[in-house]
Asker: 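One structure coming up, written as structure tokens, with questions to follow.
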Protein chains: 2
Amino acid sequence: MAADGNESHIRLAAETWESLFRAQVAVMRRLQAGAAFRKVAINEYDVLFTLSRCPSGWLRLNELNDHVLLSQSSLSRLVERLEKRGLVVRMAAPDDGRGVLLKLTEEGAALQKEIGREHVRDISSLVGPALTAAEQRELQRLTEKLRHSVGARPAK
Amino acid sequence: MAADGNESHIRLAAETWESLFRAQVAVMRRLQAGAAFRKVAINEYDVLFTLSRCPSGWLRLNELNDHVLLSQSSLSRLVERLEKRGLVVRMAAPDDGRGVLLKLTEEGAALQKEIGREHVRDISSLVGPALTAAEQRELQRLTEKLRHSVGARPAK
DNA sequence: CCGATTTTCATGCGTTTGCATGTATCGACG
DNA sequence: CGTCGATACATGCAAACGCATGAAAATCGG
């Protein structure tokens with residue numbers, strides 16, 4: 001195989017990522033413009049959503065940080081705001097004195113559901129017409145595979 | 001078809017988007033941690049990159065704004081900073097007194113290339129092992145289709 | 001068991017962001 | 001040609017962010 005066999009492989013990966021990134025930007029722009037995000041910012045909703053999907057209801061702050069594209073300090077203050085608004089409650093972790101557990105309040109859960117419904121409608125009106133069901137399933141499969149390969153944990 | 005045929009279609013779209021979004025977050029986290037983004041922030045690099053791909057060299061500020069996930073005012077100030085650092089130059093648009101054209105300086109072009117090379121290596125080391133070449137091509141096709149369907153222009 | 005290192009979260013501080021608004025130009029229409 | 005709404009960019013200001021650091025608890029090594 002020629003030397004540029006490797007080169008073209010590198011380029012393919014870069015182009016694939018750029019395409020994925022641009023698609024994400026395009027969709028995100030439309031979602032942010034939607035009425036669903038008047039009450040809470042996108043990152044705040046992301047936290048509420050992640051908490052709503054948590055089986056036990058309680059989630060550690062550092063686990064939450066793996067899901068969200070935010071620094072640790074920014075997440076700390078974001079959660080502080082959510083708590084002030086009465087949407088989540090904090091609790092010291094029972095098995096680890098350093099840790100903090102989070103849970104949605106009833107009000108927080110209600111707000112998440114309300115916004116979530118609207119959000120899901122916006123999403124399906126964007127993604128639904130764009131791709132066939134089979135294509136959506138394939139896109140889901142590929143992005144899941146990519147995410148799991150990359151791993152949730154960054155080096156630091 | 002049953003009523004929940006539509007419901008499941010909505011859910012599929014939402015799950016597809018969530019998967020795409022999480023993959024983007026996971027990859028972006030790793031990229032931001034890389035050494036490539038010590039000198040310029042990710043949004044700043046995105047601007048330099050977009051300018052480097054522009055055939056004429058000059059690009060209108062409002063067109064740039066379609067590519068980047070930033071408000072108009074934030075982009076205005078981001079460009080102001082890049083100009084102060086000597087990476088881009090501004091020029092009044094010849095055919096439109098309101099418009100502003102942007103171009104990379106030689107220093108800006110050199111920096112973009114330098115960071116771009118490193119960035120591309122980081123990307124390929126993340127995406128390359130995750131998906132086969134055929135899968136990458138398919139992912140690229142699907143995300144391009146999604147982006148074009150959604151359209152670059154948000155409502156406002 | 002004790003000191004050193006690591007992990008987890010909070011906080012000070014300068015920077016960046018978005019919203020609302022201001023200014024200038026463009027385009028349409030009578 | 002003058003007026004009126006729309007568009008493009010800049011700016012004041014408060015909110016949100018990341019980096020560096022601090023404090024408290026856990027973990028490791030002798």
Side-chain angles (χ1 to χ4, degrees), chain A residues 25 28-29 31-35 37-47 58-85 87-103 152-156, chain B residues 25 28-47 58-85 87-103 152-156:
Chain A
V25 167
M28 187 60 84
R29 261 190 176 282
L31 291 178
Q32 281 183 336
F37 294 106
R38 290 281 156 74
K39 298 183 177 179
V40 293
I42 187 100
N43 283 333
E44 293 173 338
Y45 173 75
D46 205 355
V47 166
W58 295 95
L59 194 62
R60 280 286 291 268
L61 218 48
N62 58 357
E63 300 179 72
L64 198 56
N65 216 150
D66 293 337
H67 274 72
V68 181
L69 196 55
L70 270 178
S71 70
Q72 179 269 322
S73 59
S74 296
L75 178 61
S76 177
R77 276 188 265 245
L78 189 155
V79 166
E80 188 182 36
R81 269 172 271 148
L82 292 180
E83 191 180 32
K84 270 179 190 156
R85 289 172 63 180
L87 302 175
V88 304
V89 283
R90 289 190 219 224
M91 182 178 86
D95 58 328
D96 186 336
R98 302 164 299 178
V100 172
L101 292 175
L102 272 189
K103 197 181 81 145
R153 288 252 170 205
K156 166 164 88 163
Chain B
V25 168
M28 188 60 83
R29 260 188 178 284
R30 305 291 288 255
L31 291 179
Q32 281 183 337
F37 293 107
R38 288 281 155 76
K39 298 183 177 179
V40 292
I42 187 97
N43 283 332
E44 293 173 338
Y45 173 74
D46 205 354
V47 166
W58 295 95
L59 194 61
R60 281 286 292 269
L61 219 48
N62 58 356
E63 300 179 73
L64 199 55
N65 215 150
D66 293 337
H67 273 71
V68 182
L69 197 55
L70 271 178
S71 69
Q72 179 268 320
S73 59
S74 298
L75 178 61
S76 177
R77 275 189 266 244
L78 189 155
V79 166
E80 188 181 36
R81 270 172 272 148
L82 292 180
E83 190 180 32
K84 270 177 191 157
R85 288 172 63 180
L87 302 175
V88 303
V89 283
R90 289 190 219 224
M91 183 178 85
D95 58 328
D96 186 338
R98 303 163 300 178
V100 172
L101 291 174
L102 271 189
K103 198 182 81 149
R153 287 250 170 205
K156 163 166 91 160

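The chains referred to below are lettered A, B, ... by the order of the sequence lines, with proteins before strands, and numbering in each begins at 1. Only this structure's heavy atoms are used, side chains among them; waters, hydrogens and symmetry mates stay out.
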Asker: Could you check how far CG of A:L102 sits from P of C:dT8, rounded to whole Å?
Answerer: 15 Å

Asker: Between D:dC17, C:dT8, D:dC9, spot the one nearest the side chain of B:R60, thanks.
Answerer: D:dC9

Asker: Counting only side-chain nitrogens and oxygens, does A:S71 get under 4.0 Å of the OP1 or OP2 atom of D:dG18?
Answerer: yes

Asker: Out of C:dT8, C:dG18, D:dA10, which nucleotide sits closest to the side chain of B:R77?
Answerer: C:dG18

Asker: If only side-chain N and O atoms of A:S76 are considered, is one of them under 4.0 Å from the OP1 or OP2 phosphate oxygen of C:dA10?
Answerer: yes

Asker: Between D:dT11, D:dC17, C:dT17, spot the one nearest the side chain of B:R81, thanks.
Answerer: C:dT17

Asker: Write down the distance between CD (B:Q72) and C1' (D:dT11), rounded to a whole number of angstrom.
Answerer: 10 Å

Asker: Verify side-chain contact (heavy atoms from CB on, under 4.5 Å) between B:L75 and B:H67, making sure each step is shown before the conclusion.
Answerer: CA-CA 11 Å; B:L75 178 61; B:H67 273 71; over 6 Å; no

Asker: Does any non-hydrogen side-chain atom of B:V40 lie less than 4.5 Å from one of B:R85?
Answerer: yes

Asker: Grab the CG-P distance between A:L69 and C:dT16 for me, whole Å please.
Answerer: 18 Å

Asker: Counting distance alone, no hydrogens or angles: does the base of D:dC17 have a donor or acceptor under 3.5 Å from a partner atom on the side chain of A:S73?
Answerer: no

Asker: Does D:dG18 have its OP1 or OP2 closer than 4.0 Å to a side-chain nitrogen or oxygen of A:S74?
Answerer: yes

Asker: With a 3.5 Å distance limit and no angle check, can you tell me whether A:R60 reaches the backbone of A:L102 through a side-chain donor-acceptor pair?
Answerer: no

Asker: Please confirm whether the shortest side-chain N or O distance from A:R90 to OP1 or OP2 of C:dA10 is below 4.0 Å.
Answerer: yes

Asker: First locate atom CZ of B:R90, then atom CG of B:L82, and finally report the distance between them rounded to the nearest 0.5 Å.
Answerer: 9.5 Å

Asker: In whole angstroms, how far is the C1' atom of D:dT11 from the CG atom of B:L75?
Answerer: 15 Å

Asker: Roughly how many Å is it from CZ in B:R85 to P in C:dT15, rounded to a whole number?
Answerer: 13 Å

Asker: I need the CG-P distance between A:L78 and C:dT11, as an integer number of Å.
Answerer: 15 Å

Asker: Check the distance between D:dC9's P and B:N65's CG and give it to me in whole angstrom.
Answerer: 9 Å

Asker: Reading DNA chain D from 5' onward, which residue's closest nucleotide shows up sooner: B:E80 or B:D96?
Answerer: B:D96

Asker: Rounded at 0.5 Å granularity, tell me how far CZ in B:R77 sits from CD in B:Q72.
Answerer: 9.5 Å

Asker: From CZ of B:R98 over to P of D:dG5, roughly how many Å is that when rounded to an integer?
Answerer: 17 Å

